[in-house]
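So you know, we letter chains A, B, ... as the sequences are listed, proteins then strands, and number each from 1.
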Amino acid sequence: MNLLVAVLFLPLLGFLIALAIPRSSAGGSRVWAMIVSVVTFLASLGLLFWFDRGSNGEQFAIDWPWITTPNIHFAISANGISLWLVLLSTLLTPICVLISWRAIQNRVKEFYAFLLLLEFGLIGVFLAQDLFLFYVFWEVSLVPMYFLIGIWGHERRIYAAVKFFLYTMAGSVLMLAAIIYIYNRTATFSYPAILDMLASGRLIFGPTEQLWLFLAFFGAFAIKVPIFPLHTWLPDAHVEAPTAGSVMLASVMLKMGCYGILHFCLPLFPSAARACAPWIVVLAIIGIIYGALVAMVQPNMKKLVAYSSVSHLGFVVLGIFSFTLLGLDGAVYQMLNHGISTGALFVLVGLLYERRHSLAITDFGGVATAAPWLSTAFLITTLASIGLPLLNNFVGEFLVLQGAAIAHWQWAIFAAIGVILSACYMLWLYQRVFYGVVREEVRVHLPDLHLREWAAVVPLILMMVWMGVYSQSFLPPVTRSNARVLEQSQVNVSLRVQSPAPNPHPLTPVSLEASNAR
Amino acid sequence: MQLWLIPLFPLAGFLINGLFGRRFSKSVVNAFAISSVLLSLAWVARVVLSTDLSVAHTEHYFTWIQSGAFTVNFDFAVDRLTAVMLFVVAGVGSVIHIYSIGYMAHEGGYYRFFAYLNLFMFFMLVLVLAANYLVLFIGWEGVGLCSYLLIGFYFDKKFATDAGNKAFIVNRIGDFGFSLAMFYMVKHFGSLDFATVFHQAGGASGAVLTTIGLLLMLGACGKSAQLPLYVWLPDAMAGPTPVSALIHAATMVTAGVYMTARSWPIYIHAPIALDVIAIIGVLTAFFAATIGLAQNDIKKVFAYSTVSQLGYMFVGVGCGAFSAGIFHLMTHAFFKGLLFLGSGSVIHALSGEQDLRNMGGLRKKIPWTFWTMMCAAVAISGVPPFSGFFSKDAILIAAHHHAPWIFWLGVITAGMTAFYVFRAMFLAFFGGYRGQEHHIHESPPVMLVPLVILAALSLFGGFIPVPTYLGKFFPTVVAPEEDFVLVAISVVVGLVGILLAYLMYVARPGLAGAFADNVRGLYTLVYNKFFVDEIYGAAVVDPLVSGSRAVLWKGMDAGVIDGIVNGVGARAQGIGGVLRLIQSGNLRSYATWVLFGSVLVIVAMGIAGGMR
């Protein structure tokens with residue numbers, strides 16, 4: 001039995017047992033969810049401890065045959081990227097349990113059961129090394145989120161849940177088709193096996209074939225990220241979702257798309273990915289600026305944060321498609337950063353909602369007087385989100401923009417505008433909610449943080465500082481894995497153009513054209 | 001050498017007061033806040049006096065960011081330029097911290113104020129100690145944050161928080177340039193370390209260096225409030241007066257000058273960038289001085305004066321007289337810090353009154369404030385042998401050597417400077433008292449001692465041999481000959497400015513009003529600061545906000561994209577009419593179907609797996 005299996009199945013076990021807890025014992029469900037999520041988190045810390053930081057390969061690999069025809073395996077493993085995404089999931093789940101403690105009062109049992117099922121699905125997505133298994137987890141994670149929004153959401157929850165579901169399904173159907181196509185070509189779903197075939201030249205996707213397969217995968221991931229113009233499900237889903245749903249959605253679920261692009265699209269379809277990169281980068285940059293501008297004029301706090309996510313994730317996509325190590329590292333770091341700081345923003349917005357029962361910015365004002373510590377926590381999160389140095393987002397944004405600048409100077413110029421705009425919308429939000437003369441309703445209804453809320457907020461703030469000051473705790477495994485991703489995409493490219501191109505300068509990307517020129 | 005101790009003390013002060021200050025008494029807050037800065041100053045003295053600074057002394061702490069071959073280390077370095085900056089920052093910072101004890105005594109949020117002030121010291125010291133551009137950028141953004149927090153210190157007042165936002169966002173525009181400069185450096189030099197970049201700068205192409213130089217300059221224009229990004233600084237006066245003195249006059253706003261001077265190895269190979277700096281500097285100096293002529297808020301006068309004086313420093317750097325620029329940075333920290341602290345003392349005495357029209361005759365009532373401010377006034381007006389005379393003339397002579405028109409514009413500005421400073425002095429301290437009946441009291445000693453210290457430095461700071469000290473650090477690009485005629489011209493123009501102010505505001509008080517009436521149109525234009533804020537608002541801010549709302553959000557997002565999505569949805573619904581039976585519109589039934597479907601899939605797979 002390997003630790004990775006334990007980390008993956010603990011939430012599922014927790015889910016099954018949670019179903020057996022009597023409906024009358026709401027407290028029991030809460031405590032159980034707390035115990036399971038904390039134990040899972042501790043187990044995932046074990047992963048961190050035993051993870052070999054010197055290697056760039058897949059670790060804790062398990063490959064059990066599951067279904068013979070078609071040949072589907074239960075194959076999971078962790079690398080320097082998925083390791084952190086798993087830890088992000090296991091860190092945020094107990095925090096979601098904490099912040100839902102009082103906010104969720106009806107169907108408590110089902111709520112926590114779904115939360116644990118969601119954790120199972122998310123972890124599975126990041127670990128699966130069998131394409132079909134990956135697809136199963138991809139869909140499994142969709143179901144609990146659909147219910148979290150649809151049952152515990154706000155007024156327009158049905159519309160939002162259905163929109164979320166249909167958008168995602170539309171994408172994943174394409175991906176399923178592509179997976180099945182690949183299976184027909186290769187007779188295997190095993191991702192490492194397929195990569196081996198590609199590397200050795202036994203499997204070559206023709207240019208058109210590769211393009212279509214890439215687009216099918218990328219479509220599913222792009223919706224999940226979301227990349228402009230496929231983002232309109234996100235604001236609705238966030239606004240209607242309960243706080244815990246928003247947190248898991250923004251912090252972890254959106255990373256499924258980013259991770260998918262990085263983990264599957266680049267190594268499997270390198271030529272297509274490189275060919276499409278300029279177009280995708282344009283969409284990413286539009287997303288960065290567009291998301292920021294639309295965020296600026298939102299009257300609803302959650303919607304504002306949702307659009308800011310569109311902007312932030314544009315940086316991730318930009319980093320990935322810069323095809324530079326810096327860009328990839330920045331993208332992964334930004335995935336984690338966004339998980340921490342936007343997760344914290346949703347937590348804090350949720351706390352405001354719990355107190356004031358409104359998400360409209362105009363219903364607030366002067367919160368800094370009524371709840372100074374809550375305001376301080378929000379301020380630190382805001383500063384992290386707008387990329388202040390020594391807080392987490394700065395490191396990611398810097399690497400992404402630097403990577404983009406190395407690839408194409410103009411990309412960095414346009415993308416950096418987003419950094420200006422992020423200050424505009426976040427500071428304006430902060431001013432309207434927290435500053436100003438404290439209103440009577442605010443003073444009465446807004447007590448400061450209490451112990452349970454402190455416990456949810458402080459870990460996130462500590463992570464912001466830690467990740468911002470000492471990125472060396474996190475980046476080295478990421479760099480190794482990203483170097484491998486780049487190498488994989490390189491090997492395949494050079495096979496096609498019949499000329500391996502050694503990189504003369506470590507910082508400049510080896511572009512397809514450069515290899516062609518040789 | 002433990003350079004890290006220098007910023008660590010204020011950081012500790014910030015953390016202690018920030019986390020626990022609410023439970024402390026004021027004297028405990030003071031103890032932590034003041035001692036941390038004094039310890040830092042003491043450590044600066046120890047470091048500087050015990051180290052041979054003719055070569056840079058670098059300390060490596062840890063790797064901050066590493067990706068592949070690219071590394072940014074958290075390193076500090078100290079050399080002669082850093083030493084001067086450290087003394088200015090820690091020295092003036094300590095004095096202003098002490099002053100704040102008295103000034104803030106009756107204000108709410110006492111611990112918060114000192115926590116922010118200590119945090120500012122931390123970031124400012126990191127800024128000057130940085131051994132690479134990215135660590136410098138930590139300080140750069142950090143001081144911007146503290147500036148934002150302290151401008152909006154009275155956060156229940158909307159104009160204060162508006163000013164804070166404006167400061168942060170305008171600075172972000174400058175930081176945009178700074179960031180791009182760093183990206184460009186890494187692209188071409190593969191590093192952000194000063195040593196590496198400067199070492200390679202000599203061999204790089206002129207176009208690359210000019211691009212980097214201009215982008216860095218954009219950053220400096222934001223931080224040091226130069227055209228066209230100066231607009232945030234006058235509004236920044238919404239913060240408490242010690243903040244205006246420390247952050248918005250003496251230290252933070254000079255960071256842009258420091259950064260450009262620090263980057264001299266890039267700039268000496270980018271003459272176009274240097275020219276642009278000099279031109280922007282002199283235009284800013286002139287432009288801000290004209291606005292300063294007609295302001296009635298005592299702090300606004302000095303705010304525009306700061307913008308103008310920063311312009312001088314830019315002229316110095318732009319003309320290649322780096323040490324003169326830094327010298328003026330130092331003397332300016334003394335006399336402008338003093339002018340602000342003195343205004344604070346005036347405002348304190350009048351319980352919050354800032355309008356010069358409601359002052360007058362305060363000379364007798366608050367003599368210490370008057371006399372110390374007078375020292376600063378003669379210093380800034382360039383009267384020999386006080387500090388401003390030396391530094392400003394060094395800049396002007398270099399400007400003459402570089403391009404005579406810059407010198408002449410600078411001299412005219414010097415005349416206006418003398419005029420508006422003495423106008424403010426005369427309006428506040430001479431004539432009869434024009435305000436409401438009020439008990440006017442001199443400030444407590446804890447505020448007066450800092451005034452006296454800075455007065456002494458304003459008077460005699462010109463004799464501190466900074467130019468010679470830095471002469472060994474900066475290259476001698478220009479060798480400005482001591483031209484007696486040029487010096488005489490600028491001194492005379494300054495004296496004429498003082499005389500004119502005396503004539504208009506003391507000898508013949510009606511003259512100013514009559515003069516303003518004669519040039520009503522021009523006066524209105526200047527009085528309203530050339531309507532620059534209004535123009536920016538109408539040309540940039542409003543279109544951006546309303547365009548985002550109407551076109552992007554309502555039009556694109558809700559209209560076009562969601563229109564298509566919902567249209568597809570509706571079409572699908574039509575096709576799916578046959579599936580009406582399961583489409584009950586009831587959430588629970590949807591839920592059941594989805595769950596049923598997924599369970600079915602999973603179970604089917606499990607069974608299939610079991611049958612293998």
Short side-chain donor-acceptor distance under 3.5 Å, [Y] and [X]:
{"X": "A:Tyr167", "Y": "A:Thr232", "result": "yes"}
{"X": "B:Asp175", "Y": "B:Trp140", "result": "yes"}
{"X": "A:His73", "Y": "A:Asp130", "result": "no"}
{"X": "B:Asp557", "Y": "A:Tyr307", "result": "yes"}

Most heavy-atom pairs under 4.5 angstrom with chain B, which of [options]?
{"options": "A:Leu475, A:Thr479, A:Leu390", "answer": "A:Leu390"}
{"options": "A:Leu328, A:Val438, A:Ile417", "answer": "A:Ile417"}
{"options": "A:Ser471, A:Ala295, A:Ala483", "answer": "A:Ser471"}
{"options": "A:Thr376, A:Leu379, A:Val294", "answer": "A:Val294"}
{"options": "A:Leu421, A:Asn482, A:Val395", "answer": "A:Val395"}
{"options": "A:Trp428, A:Trp233, A:Tyr333, A:Phe394", "answer": "A:Phe394"}

Tell me, side chain or backbone of [X] under 4.5 Å from chain A's heavy atoms, or both, or neither?
{"X": "B:Asp162", "value": "both"}
{"X": "B:Phe159", "value": "neither"}
{"X": "B:Phe62", "value": "side chain"}
{"X": "B:Tyr184", "value": "both"}
{"X": "B:Thr63", "value": "both"}
{"X": "B:Leu180", "value": "both"}
{"X": "B:Leu544", "value": "both"}

Let me know if [X] has heavy atoms under 4.5 Å from chain B in its side chain, its backbone, both or neither.
{"X": "A:Gln402", "answer": "both"}
{"X": "A:Val478", "answer": "neither"}
{"X": "A:Tyr159", "answer": "side chain"}

Using the six-membered ring of A:Trp409, assess whether NZ or CZ of B:Lys187 lies under 6.0 Å from its centre and within 45 degrees of the ring axis. no

Between A:Leu399 and B:Ser67, the two heavy atoms sitting closest are CD2-CB, 4.0 Å

CD1 of A:Ile151 to CD1 of A:Ile149, rounded to nearest 0.5 Å, is 11.0 Å

dist A:Phe132:CZ -> A:Asn71:CG (nearest 0.5 Å) comes out at 12.0 Å

- Task: Answer yes if the ring centres of A:Tyr146 and A:Phe164 are under 6.0 angstrom apart, and no otherwise.
- Result: no

| message | For A:Phe74 together with A:Trp64, are the ring centres under 6.0 Å from each other? | response | yes

From the list B:Arg112, B:Lys157, B:Glu141, B:Lys158, the residue making the most non-hydrogen contacts under 4.5 Å with chain A is B:Glu141

- Message: Within a 6.0 Å radius of atom CZ on A:Phe414, are there more than 12 heavy atoms belonging to other residues, nucleotides or ligands?
- Response: no

